[in-house]
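First up is the structure itself, then whatever we jot down about it.
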Amino acid sequence: MDYNFIEIEKKWQAYWAENHTFKAAEDASRPKYYVLDMFPYPSGAGLHVGHPLGYIASDIFSRYKRLKGFNVLHPMGYDAFGLPAEQYAIQTGQHPEKTTHENVARYRSQLDRIGFSYDWDREFRTCDPDYYKWTQWAFLKMFASWYDNKEQKARPIEELEKAFSEGGSAAVDAATDNDRAFTAEEWNAMDEKEKAGILMHYRIAYQGESTVNWCPALGTVLANDEVKDGYSERGGHPVFQKKMIQWQLRVSAYAGRLLEGLERLDWTDSLKEMQRNWIGKSQGAEMVFKAFNGDREYDVTIFTTRADTVFGVTFMVLAPESEWVERLTSEGQKAEVEAYLESVKKKTERERIAGKAVTGVFSGSYALNPLTGEKVPVWISEYVLSGYGTGAIMAVPAHDSRDYAFAKKFSLPIVPLIEGADVSEESFDAKEGKMINSGFLNGLDVKEAIPAAIDYVEKHGIGHRKVNYRIRDAIFSRQRYWGEPFPVYYRDGIATPVPEDRLPLTLPEISEYKPTESGEPPLARAKDWTYGGWPLEKSTMPGFAGSSAYYLRYMDPHNDKALVSPEADAYWRSVDLYIGGTEHATGHLIYSRFWNKFLYDLGYVCEDEPFRKLINQGMIQGRSNFVYRIVGTNTFVSVGLKDSYDTTEIHVDINLVRNDRLDIEGFRAWRPEYADAEFILEDGEYVCGWAVEKMSKSMYNVVNPDQICDTYGADTLRLYEMFLGPIEQSKPWDTKGIDGVNRFLKKFWRLFWDREKWLVTD
RNA sequence: GCCCUGAUGGCGGAAUUGGUAGACGCGCUGGACUCAAAAUCCAGUGGCCUUUAAAGCCGUGCGGGUUCGAUUCCCGCUUGGGGCACCA
C-alpha cells in the first residue's frame, strides 16, 4: 500500500469533525494558548494558494502547543461586511447576504480540505445579527463615554455632566474638540439640545464636522488608511477633500497610550515603526500671535517644534479650511481669497499631493511677532493642513523648506538664524548650529535654544509646551448598505441611542442598493426606518467596525448576554500569537488596539493590549506567463523572437502553459478571438515570457489550493508552503520543489509501512 | 526626502547567545533496478589549481575596523523590498 493521501485525509478529517477533536473549553487545570489568524474577507474569487500560508503556520503551531500540554484556542470566522459584495449587489440586484453566504460556503469547503485544526464550533460572520449586536453595543458604550486626560482613561458621560454642573468646562481635562468655555451656571441654564450639542464634542463616538476623504465614485467617505495616493484602495477611484458631518471615533485621545503600549508588544520593529509614524508624536509649543484685520484684533494660536526660530518669522500661513480665514480676510482681499479657496476645493487629493505646486493668497491682515513685536503678513495656503496642530503656522523660511519655497514664490523676506547657514539656494532645516539674529538666544546651540525659547514663552504668557499627534480621529460613517446600522435615532434632531436591550438593530430590506438620487445613503430607501416614530441614522459602520473586537468574541461566541463573559475573558485573556498581513498595520491593528483599550477602561476586558505576539506572513506572489501578439494581427511570436516585431504583451492563463511552453490548441480554445491564431515558433515550440506579480484573477496566474490537494494531498501543500522560505518573506509560488516534498512524505510513510506490513502496532 | 528591512552555491534557503559556512530540498552528474521508460534506491555536487586524488588557496553585496576567531558586532557605501510623505 502506497502513501494514499486521499484516503488518509478523508478518514482523519471526518474523524476530527465527528469528534470535535479541536473543540476548546476553559480549563483552569491547563495553561491556555490563543492562536489567531486574521480572518478573511470572503471574496468571490475563492482562496488561492497564498491565502493559507499564514493559516498553515498558525495551525502547525497550534498543534505543537496542544502536544506540549496547552489548552489551545484556535478559531476561524469571516469578515463579511464590505464593499465588494455591495458593489456586486448594485450591479446585479442580488442581496449581498446571498453573495456573502455563497462565498463563505466556498471558503469553508476550501479550508476544510487543507485540514486545519480550528474549533469550528466558534465560527461566526461579522454580518450575523448575533455578532454585530456587540459591534453596535460597543458603539453605544463609546457614545456614552468621554476621555479623561488626567486619569488617562474613558469614563461614563454622566460623570462629565456632573462635573459640568458643578464646575463648568474648566472642571475637567478632557479629550475634546470643544472650544467654548462655560461656567457651571451657564451649563445648568442650557436646554437639553444645547447640552447635547456640547456633550457631542466630548463623546468617544461622536458626530462632528471634519474634512473627510470623499469618493464620489463609491458614493461614500473613506478613512485615511482606505486611501492610497489620493485614490480609494478598493476600486482605485479619485478621492476629494470635503467638509462633512460624520460619526467619528476619538482615537486621537488614545494616541499616547497607543504609542507607549507598543513597547510591551512582541511585534516586528518595522510594524511598530509604522504604527509610531502613523501616530506621529511631536513635541513643541503652542504660541499666540496677535493678528489685526483693520482695527479688529484676534489671537491666532500656532504650533511649532522650532520655538527657537521665532526671531526669523517673516509671515504667517493659515490652512484654507481654517476658521481664521474668514476673520482675517480683509475687505480688499475678499474676492481674491474666495477665488483661491474655490480653486483649492476643486482639486482631488491626488492633485494636491502630486502637484506640490506652491500656491497661496494674501489675506490682507497682519500679525505681530510676540517676541520681536515685528509686523508680518498673514497668508493662506494649502500647504498648511487644517487637521494638524492649529491649522495655522508661523513661517520661518530660512529653516523650513516648505516655508522657503513659499517665500521664494511670493518674494517674502528670508532671515537666517543659524551661524554659517547659507540660505541663498535652500533652507537649512537641520537642528544644529549656533543661533544668531535671535536676541536672548544668540550664541546658544539649537538644542539648547529650543527649550530656552519655550521657557521664555511660558514665562511671558505667550504660549506653552504642547505634544501633538498626527493620528486623526477615525471617520466611522459610510454611506453604504452592507454594514452595521448605527443604533441611533434623531429625537427632535438630537442623536439618541437605541436602548441596549433593543439590540441588534437589524439591517432592513431595501429595493435597490445604490444611493438615492438626492445623494442619501441606501438606507434612505428602507420602509419605516424609524425608532419610536423618529428617524434612524441612515449611514452604516465601516469595515473595520466588525473586525475590531472579533478576537474577544471567539472567547465566548454564543453568549447573548455579553460580548464575552468575565470568566471566559479572564481565562483566554488576549491573543498570544496573531498571524496576518502587514497591510493592516495602520488600519485594523490600530483600531483593534483602540477598541480593546476602550473596553479595558470600562472594565469589560482584563488585558490592555489585544495581540501579544504578531507575525506578518509574506505575500505569495504569482508567476505570470505572457504571449506576444504582433500589433494589428492575430499572430503570436515566441518570446525569443519578439524583439524583431512590434508586439503587445498579453497575459495568458498559466493553466495553458507548462515549463513556459504554450499549449497551442488549448490557447486557441481559450477565447473565441484566439480560435484562428497563428504562431511563430522557436524550435517547434511556443515559449512564453514570464514575470513575478501579485497573484490575481486578472493576471491569470492564480493557483488554487484545491488543485494541489487533488494532485499531491493537503499534507504536501502544507509542508510545501512552509518549505518555500521564511514565513515573513514574500516569495513567488513556484512548484519546482513540490515533488521533493511529496517524496519526503512518501519516505516518511515507508517508515511505518514496509511494502506489505505495518512496522508499528499502535 | 525620511523611516524600517533584506543581500549566503546553478535555484529556494540553513547556520538567530561571535566558534567546522552552505543543513534540508530542487536542479544537475554518475550508478543500481528495467527490454526500455517512469517511479524508486545509492553516490557525488561552492569556486580555483590538478588527468584524478591528497593538499592548498579563495569564498556569506562592496570597502574598512574590532577580535585568537565575524554570515553574525561597529563605521562608510552599493542595491532589492516595504512604509510614510507638505504633520510646521
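Here is how names work: the chains are called A, B, and so on, in the same order as the sequence lines, proteins then strands, and each is numbered from 1. Atom set for the values below is all heavy atoms of this structure, side chains included, hydrogens, waters and symmetry mates excluded.
Side-chain polar atoms of D739(A) and Y712(A) form a donor-acceptor pair below 3.5 angstrom. At a cut-off of 3.5 Å, with distance as the only test, a side-chain donor of Y388(A) or S282(A) sits close to an acceptor on the other residue. Residues Q283(A) and R465(A) bring no donor and acceptor atom of their side chains to less than 3.5 Å of each other. Side chains of S252(A) and D473(A): a donor on one and an acceptor on the other come within 3.5 Å.
Nucleotides rG19(B) and rA70(B) place their C1' atoms 10 Å apart, quoted to the nearest Å. Annotation: rG9(B) and rC48(B) have their P atoms spaced 15 Å apart (nearest Å). Of the C1' atoms belonging to rU34(B) and rA53(B), the separation is 34 Å, rounded to the nearest Å. Here the separation of rU8(B) from rG80(B), taken at their P atoms, is 14 Å to the nearest Å. Distance noted for atom C1' between rG10(B) and rG22(B): 14 Å (whole Å). The separation of rG76(B) from rC24(B), taken at their C1' atoms, amounts to 37 Å, rounded to a whole angstrom. Across rU72(B) and rU67(B), the matching P atoms stand 16 Å from one another, rounded to whole Å. Taking atom P in both rG59(B) and rG65(B), one finds a spacing of 14 Å when rounded to whole Å.
Atom pair E273(A):CD and rA85(B):P shows a separation of 14 Å (rounding to whole Å applied). When the C1' atom of rC11(B) is taken as reference, atom CG of L724(A) falls 12 Å away, rounded to whole Å. At whole-Å resolution of the value, CG in D403(A) and P in rC86(B) are 15 Å apart. Per the geometry, NZ belonging to K281(A) stands 20 Å off C1' belonging to rC2(B), to the nearest Å. Taking atom CG of residue D739(A) and atom C1' of nucleotide rC41(B), one finds them 17 Å apart after rounding to whole Å. Here rA85(B) presents its P atom at 11 Å from CG of L385(A), a figure rounded to the nearest Å. Rounding to whole angstrom units, CG of residue D269(A) and P of rU16(B) are separated by 19 Å. Rounded to an integer number of Å, the gap from L719(A) CG to rG25(B) P is 12 Å.
Map I738(A) and D400(A) each onto its nearest nucleotide of RNA chain B; the residue landing nearer the 5' end is I738(A). Residue order along RNA chain B, read from the 5' end via each residue's closest nucleotide, puts Q729(A) first among Q729(A) and M274(A).
A syn base is found at rG9(B): its glycosidic angle is within 90° of 0.
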Next item on the list: Apply side-chain contact (heavy atoms from CB on, under 4.5 Å) to R276(A) and L259(A), showing your working.
Entry: CA-CA 6 Å; R276(A) 282 191 197 107; L259(A) 185 68; 3.6 Å; yes
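Taking a pair as Watson-Crick or G-U wobble with both distances under 3.5 Å, the runs of three or more consecutive pairs in RNA chain B are B:1-7 with B:78-84, B:10-12 with B:24-26, B:27-32 with B:40-45, B:46-48 with B:56-58, B:61-65 with B:73-77.
When the side-chain hydrogen bond (donor to acceptor under 3.5 Å, both in side chains) test is applied to S424(A), the partners found at least two apart in sequence or on another chain are D422(A). Among residues two or more places apart in sequence or in another chain, the side chain to side chain contact (heavy atoms under 4.5 Å, CB included) test is passed with K409(A) by V358(A).
Proximity of Y388(A) to the phosphate of rA88(B): a side-chain N or O atom is located under 4.0 Å from OP1 or OP2. Dashed line: the shortest gap from a side-chain N or O of R276(A) to OP1 or OP2 of rG83(B) is not under 4.0 Å. Side-chain N/O atoms of S270(A) include none lying less than 4.0 angstrom from OP1 or OP2 on rC3(B). Applying the 4.0 Å criterion to OP1 and OP2 of rC26(B), one finds that R743(A) has a side-chain N or O inside that range.
Counting non-hydrogen atoms under 4.0 angstrom, S282(A) reaches the backbone sugars and phosphates but no base. Among the heavy atoms of the strands lying under 4.0 Å from K747(A) are primed sugar atoms or P, OP1, OP2 only; no base atom is included.
For T304(A), whose side chain is taken as the heavy atoms from C-beta onward, the closest listed nucleotide among rA88(B), rG12(B), rC41(B) is rA88(B). Checked against rA88(B), rC84(B), rG25(B), the side chain of W278(A) finds its nearest nucleotide in rC84(B). When each of rC86(B), rG83(B), rC24(B) is scored by its nearest atom to the side-chain atoms of F723(A), the top-ranked nucleotide is rC24(B). Ranking rC3(B), rA88(B), rU40(B) by closeness to the R750(A) side chain, first place goes to rU40(B). Of the candidates rA85(B), rA88(B), rC3(B), the closest approach to any side-chain atom of N277(A) belongs to rC3(B).
Judged by a 6.0 Å distance limit and a 45° cone about the ring axis, K281(A) is not positioned over the six-membered ring of Y469(A).
To the nearest 0.5 Å, atoms OG1 (T586(A)) and CG (L271(A)) are separated by 9.0 Å.
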